Amino acid sequence: MTAREWSFPLPFVTPLSLNDRNGWRKKARLTKAWRDAVHVLARKEHIPRMDRWTVVLHMAPRIQRERDLDNLAPTLKACADGVRDATGCKDDSAHYTPTNPVVHPATREPNRLWLVVIDLRADAGSED
């Protein structure tokens, strides 16, 4: 039995980062853009309401270098909020499980980001 999951590309090449030094207005505008984009994409995927779920942010960077995965937390939070907005899922600790982002090997092409939404309910694979 496998968990249900949905994967879709994100329309951004620069993730949000804890290292960003933007004012609160710019930060709010960028976060809203991410959240709204994920909301629209999750709706297109017809992701249902889930009891237990997570999102995994994937990044294929242009340049290979060391990355502090914690710096991608604002991106992951905006993505999780977008999925929650689209599906009506709860994102408290009983329903949403945070994950670390996955950074793939460099591609020498512009950064590519995509999101995987996973239904963590034990019997999620039995429905279709």
Side-chain angles (χ1 to χ4, degrees):
M1 183 179 319
T2 59
R4 291 187 302 173
E5 63 180 56
W6 300 264
S7 179
F8 48 88
L10 297 170
F12 303 98
V13 293
T14 304
L16 303 172
S17 173
L18 289 175
N19 287 337
D20 291 340
R21 298 291 180 244
N22 299 319
W24 66 269
R25 279 190 179 108
K26 184 173 182 180
K27 177 182 180 257
R29 183 175 45 80
L30 293 170
T31 301
K32 183 174 179 3
W34 274 85
R35 185 175 179 161
D36 290 350
V38 171
H39 177 140
V40 169
L41 294 167
R43 294 286 300 254
K44 282 185 178 179
E45 292 291 323
H46 303 287
I47 300 172
R49 185 181 186 120
M50 298 170 282
D51 292 328
R52 295 206 15 83
W53 60 284
T54 191
V55 295
V56 182
L57 175 68
H58 290 261
M59 178 179 179
R62 184 175 63 85
I63 299 170
Q64 190 68 38
R65 63 179 170 83
E66 291 296 318
R67 287 182 166 73
D68 185 356
L69 295 180
D70 290 344
N71 284 333
L72 296 173
T75 304
L76 195 58
K77 173 78 168 105
C79 290
D81 287 347
V83 170
R84 186 202 61 216
D85 294 346
T87 62
C89 297
K90 294 183 180 178
D91 68 348
D92 59 14
S93 60
H95 300 277
Y96 171 72
T97 304
T99 61
N100 280 328
V102 176
V103 178
H104 297 270
T107 62
R108 297 187 185 255
E109 296 176 9
N111 289 347
R112 192 167 57 89
L113 297 144
W114 67 97
L115 193 68
V116 178
V117 180
I118 304 170
D119 187 347
L120 298 176
R121 199 178 65 209
D123 62 344
S126 63
E127 296 177 15
D128 254 68

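This structure is a prediction, so every number in the text was calculated from the model and none was measured.
Aromatic pair Trp114/Phe8: centroids not less than 6.0 angstrom apart.
Distance alone, capped at 3.5 Å, places no donor-acceptor pair between the Ser7 side chain and the Val116 backbone. Looking only at distances, a side-chain donor or acceptor of Trp53 sits under 3.5 Å from a matching main-chain atom of Lys90.
Atom CD in Glu5 sits 10.0 Å away from atom CG in Leu120 (nearest 0.5 Å). From His39, atom NE2 reaches atom CZ of Arg84 across 11.0 Å, with rounding to the nearest 0.5 Å. Interatomic distance, Asn100 CG to Asp70 CG, rounded to the nearest 0.5 Å: 7.0 Å. The structure places CG of Asp119 at 7.5 Å from CG of Asp51, a figure rounded to the nearest 0.5 Å. To the nearest 0.5 Å, the span separating CD1 on Ile118 from OG1 on Thr99 amounts to 7.5 Å. Separation of atoms OG1 (Thr54) and CG (Asp91) is listed at 11.0 Å; rounding is to 0.5 Å.
For Asn71 against Asn19, the heavy-atom pair with the smallest separation is ND2-ND2, 2.9 Å. The two residues Ala86 and Arg43 come nearest to each other via the heavy atoms O-CD, 3.5 Å. Residues Arg62 and Glu109 come closest through the heavy atom pair CB-O, 2.9 Å. Annotation for Leu57 and Leu113: closest pair CD1-CD2, 4.4 Å, computed over non-hydrogen atoms. Pro61 approaches Asn111 most closely through the heavy-atom pair CA-OD1, 3.3 Å. Across all non-hydrogen atoms, the minimal contact from Ala60 to Thr107 is CB-CG2, 3.9 Å.
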For this session: Please lay out, stage by stage, how Leu10 and Cys79 fare under the test side chain to side chain contact (heavy atoms under 4.5 Å, CB included).
Result: CA-CA 10 Å; Leu10 297 170; Cys79 290; 4.2 Å; yes
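For Arg67, the CZ atom sits in a packed shell: over 12 heavy atoms of surrounding residues, nucleotides or ligands are nearer than 6.0 Å.
Within the 4.5 Å cutoff, the side chain of Asp20 has no heavy atoms near those of the Lys26 side chain. When side chains are defined from C-beta on, Asp85 counts as touching Arg35, because their heavy atoms get closer than 4.5 Å. Considering only heavy atoms from C-beta on, Thr31 stays 4.5 Å or farther from Pro74 through its side chain.
Of the candidates Leu72, Thr75, Asn22, Thr75 is the only one forming a side-chain contact (heavy atoms from CB on, under 4.5 Å) with Leu16.
A single hydrophobic cluster is seen to contain both Leu76 and Trp6, as judged by linkage of ILVMFWY side chains at heavy-atom distances under 4.5 Å, directly or through other members.
Ring pair Trp34/Phe12 is parallel by interplanar angle, where below 30° counts as parallel and above 60° as perpendicular.
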